[in-house]
Visitor: 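Shown below is the structure under consideration.
Protein chains get the first letters and strands the later ones, always in sequence-line order, with residue 1 at the start of each.
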Amino acid sequence: MSYASFDNVKDNRYRNNKYEDDLFFKKNSENRIIFHIDANSAFLSWDAVYRLQHGEGVDLREIPSVVGGDPKSRHGIVLAKSIPAKKFGVQTGESLMEAKIKCPKLTVVPPRFHIYIKSSNAMFDIFSEYTPIIQRYSIDECFLDVSENEEAKRDPYELAIKIKERIKVELGFTVSVGVSNNKLLAKMGSELKKPDAATTLFPHEIENKLWPLPVRELFMVGRATEKKLRTIGINTIGELAQCEVGVLKERMKSHGELVWKYANGIDHSLVRRENYIEMKGIGNSTTISFDVDTKEEAHMVLMSLVETCSMRLRDSGNICKCITVSIRNSDFINYSHQRVMSYETNCTDEIYKEVIRLFDEMWKDEPIRHLGIRLSQLSTAKNRQLTLFDYKDIKKKESFDSVIDEIRMKYGTDAVVRAKFIHSGLKPIRGGAGAESYPVMSSIL
DNA sequence: TCTGGGGTCCTAGGACCC
DNA sequence: TCTGGGGTCCTAGGACCC
């Protein structure tokens, strides 16, 4: 490998995981110290803290409670649960109906994302005092590379305890910290003990701490993978680790190899700071509170999604070349239709026209429960190619969009609304930047 | 089971080109 | 018309994460 070309390769390291066997990483991974820090029952804890600070007597964390959506508008799932609720068997992601059957006295509170974002930022600010290398994995999780922190070098576990205590004292909620020398092990470590705990999971501890766990507990082993593994007699992470890689690769392609590596604690990915993470796409979707069964209504819902989505696109400074529309029907069957366009755009109007075309081509004239759009193949707006022919028209649309954006930023998204929504009973604007919209890692890199 | 919303990555199959 | 192989791009759908 030529080191002269190393800098050119560097950018690609952030985009794919083909470099894990790179000597560079192997040589350095033993010296790295990585923390994974996870806020315990984040939404629920944060809501509880806010309520206490605003004079409410009850601590949601001490009673069976959940943060959840409104079943009437068909958003009724559990987003976060208290520990007392967990004791009743309440699970994140299940319907509120189910949760209430398990625990009839359950307290349900609606989510308040603006509060969660503040709590998340406050947590992040404290982490920033210990290292500049922080990856926000989601609203409630961070990876910290503290390899260069003097306290971490002396005793990483002590530092983990110190940070955890600071969060508790200064912000009023608890976190779980995982300590190791790569991200995967740090993440698995933070799962081992919670709430309010710090746990090491260094390579020499894998056999005792990680391998006895059910295979489903491993990062990247979901429902489908668990099933496949169990059919070949693999039930624990240890059994997966000791399995022949070839067998897994044959049955599950690259995913088989990936989970085998994770079971063995192998992961050479870097803690990536925010600015190194590029957006691949921007999407908004919504479950409508009733089944939509006319084209006109569907078009209006799509318009409300295009409004937010295109605004987010413009806000990010990007234009898109590919548009995807997805439908979930009343039987919960999903399907989608996408097109790469011959041009790139960030105009509400142009995106809407394409969205409508895609929808009309795909819709099977059946009741619709959920609609989504996604804008991808992004590039920076500055590089946009314009033909002389459409130059004037596009400039006009662009300035129109930017005026609307400005008004909405200043006075709220409802400040400007399309006339046809006014007596329609439909929401003119749907979706948004969302609380869980931090850049996501998919296979940890 | 009356079951959200925002992401990423992978794969299979088809179209098209050389 | 029959016979290929390799490469790339695109689409739809699935799996996984929080």
Visitor: Check the phosphate of B/dG6 against A/N284, side-chain N and O only, distance under 4.0 Å to OP1 or OP2. Yes or no?
Guide: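 For A/N284, the contact criterion (side-chain N or O under 4.0 Å from OP1 or OP2 of B/dG6) is met.
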
Visitor: What nucleic acid atoms does A/G281 come within less than 4.0 Å of, heavy atoms only: base, sugar-phosphate, or nothing?
Guide: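 Result for A/G281 = sugar-phosphate.
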
Visitor: Do you know which of A/I282, A/T348, A/L313, A/I429 makes side chain to side chain contact (heavy atoms under 4.5 Å, CB included) with A/T308?
Guide: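 Single pass found, and it is A/I429.
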
Visitor: Nearest whole angstrom, please: distance from the C1' of C/dC17 to the CD of A/E141.
Guide: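 The answer, rounded to whole Å, is 9 Å.
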
Visitor: Which base sits across from C/dG13 as a Watson-Crick or G-U pair, both distances under 3.5 Å?
Guide: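 C/dG13 is paired, partner B/dC10.
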
Visitor: Do the side-chain N or O atoms of A/R328 get closer than 4.0 angstrom to the phosphate oxygens (OP1, OP2) of B/dG4?
Guide: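 Yes.
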
Visitor: C/dC18 phosphate, OP1 or OP2: any side-chain N/O from A/R136 under 4.0 angstrom?
Guide: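 For A/R136, the contact criterion (side-chain N or O under 4.0 Å from OP1 or OP2 of C/dC18) is not met.
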
Visitor: Between A/E307 and A/R430, is there a salt bridge with N-O shorter than 4.0 Å?
Guide: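 No, A/R430 and A/E307 are not salt-bridged.
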
Visitor: From CD of A/Q135 over to C1' of B/dT8, roughly how many Å is that when rounded to an integer?
Guide: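 Going from A/Q135 (CD) to B/dT8 (C1'), I get 13 Å.
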
Visitor: Closer than 4.0 Å, any side-chain N/O of A/S336 to the OP1 or OP2 of C/dT11?
Guide: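 So the side chain of A/S336 is outside the cut-off, no N or O lying under 4.0 Å from OP1 or OP2 of C/dT11.
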
Visitor: Among the candidates B/dT8, C/dC17, B/dC2, find the nucleotide nearest to the side-chain atoms of A/S95.
Guide: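 From the listed options, B/dC2 comes nearest.
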
Visitor: Check whether any side-chain nitrogen or oxygen of A/R369 sits under 4.0 Å from OP1 or OP2 of B/dC2, and answer yes or no.
Guide: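 It does not, given that no N or O in the side chain of A/R369 lies less than 4.0 Å from OP1 or OP2 of B/dC2.
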
Visitor: Give a yes/no on whether any side-chain N or O of A/K253 is located under 4.0 angstrom from OP1 or OP2 of C/dA15.
Guide: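 For C/dA15, OP1/OP2 do not have a side-chain N/O of A/K253 under 4.0 Å.
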
Visitor: Does OP1 or OP2 of C/dC17 have a side-chain N or O of A/S138 closer than 4.0 Å?
Guide: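 Looking at the OP1 and OP2 atoms of C/dC17, neither is under 4.0 Å from any side-chain N or O of A/S138.
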
Visitor: So which nucleotide from C/dC16, C/dC18, B/dC2 ends up closest to the side chain of A/K187?
Guide: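 For A/K187, the side-chain atoms sit closest to C/dC18.
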
Visitor: Would you please determine if the base of B/dT3 is stacked by A/F332, with stacking meaning a centroid separation under 5.5 angstrom and planes under 30 degrees?
Guide: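 Whether judged by distance or by angle, A/F332 passes, so it stacks on the base of B/dT3.
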
Visitor: Mind checking if A/L96 touches a base, just sugar-phosphate, or nothing, with heavy atoms under 4.0 Å?
Guide: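 Nothing: the residue A/L96, judged by heavy atoms under 4.0 Å, touches no strand.
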
Visitor: Is any side-chain N or O of A/H337 closer than 4.0 Å to OP1 or OP2 of C/dT11?
Guide: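 Negative; the distance criterion is not met.
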
Visitor: Mind checking if A/T324 touches a base, just sugar-phosphate, or nothing, with heavy atoms under 4.0 Å?
Guide: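 No contact at all - A/T324 keeps every heavy atom at 4.0 Å or more from the nucleic acid.
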
Visitor: Answer yes or no: does a side-chain N or O of A/T225 lie under 4.0 Å from OP1 or OP2 of C/dA15?
Guide: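 No, because none of the side-chain N or O atoms of A/T225 sits under 4.0 Å from OP1 or OP2 of C/dA15.
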
Visitor: Counting just side-chain N and O atoms, does A/H255 come under 4.0 Å of either OP1 or OP2 of C/dA15?
Guide: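 False: A/H255 side-chain N/O out of range (4.0 Å or more) of C/dA15 OP1/OP2.
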
Visitor: Return the value, rounded to whole Å, for the distance between atom CD of A/Q377 and atom P of C/dC9.
Guide: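 Answer to the nearest Å: 10 Å.
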
Visitor: Provide, to the nearest angstrom, the distance between the CG atom belonging to A/L258 and the P atom belonging to B/dC10.
Guide: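 Going from CG in A/L258 over to P in B/dC10 covers 9 Å.
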
Visitor: Using a strict threshold of under 4.0 Å (side-chain N to carboxylate O), is an ion pair present between A/K168 and A/D196?
Guide: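 Yes, this pair counts.
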
Visitor: C1' atom, B/dC17 versus C/dG4: distance in rounded Å?
Guide: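 Straight-line distance between the two C1' atoms is 15 Å.
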
Visitor: Between A/K183 (NZ) and C/dC18 (P), how many Å, whole number?
Guide: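 Spelled out: NZ on A/K183 to P on C/dC18 is 13 Å.
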
Visitor: So does A/T287 get a side-chain nitrogen or oxygen closer than 4.0 Å to the phosphate oxygens (OP1/OP2) of B/dG5?
Guide: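 Yes, A/T287 has a side-chain N/O under 4.0 Å of OP1/OP2 on B/dG5.
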
Visitor: Does A/R61 pair with A/D47 as a salt bridge, N-O distance under 4.0 Å?
Guide: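 Answer for the salt bridge query: no.
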
Visitor: Rounded to whole Å, how long is the line connecting atom NZ of A/K227 with atom P of C/dG14?
Guide: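 Roughly 14 Å, once rounded to whole Å.
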
Visitor: Nearest whole angstrom, please: distance from the C1' of C/dA15 to the OH of A/Y262.
Guide: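 Computing the A/Y262:OH to C/dA15:C1' distance gives 14 Å.
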
Visitor: Using a 4.0 Å heavy-atom cut-off, does A/G222 contact any base of the nucleic acid, only the sugar-phosphate backbone, or nothing at all?
Guide: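 The answer is sugar-phosphate, as A/G222 gets under 4.0 Å only of primed atoms, P, OP1 or OP2.
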
Visitor: Within the side chain of A/R136, is there an N or O that forms a donor-acceptor pair under 3.5 Å with the backbone of A/E141?
Guide: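 A pair under 3.5 Å: no.
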
Visitor: Can you check whether A/F127 and A/F35 have ring centres sitting under 6.0 Å from each other?
Guide: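 They do not qualify: ring centres at least 6.0 Å apart.
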
Visitor: If the threshold is 4.0 Å, N to carboxylate O, is there a salt bridge linking A/K321 and A/E344?
Guide: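 Salt bridge absent between A/K321 and A/E344.
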
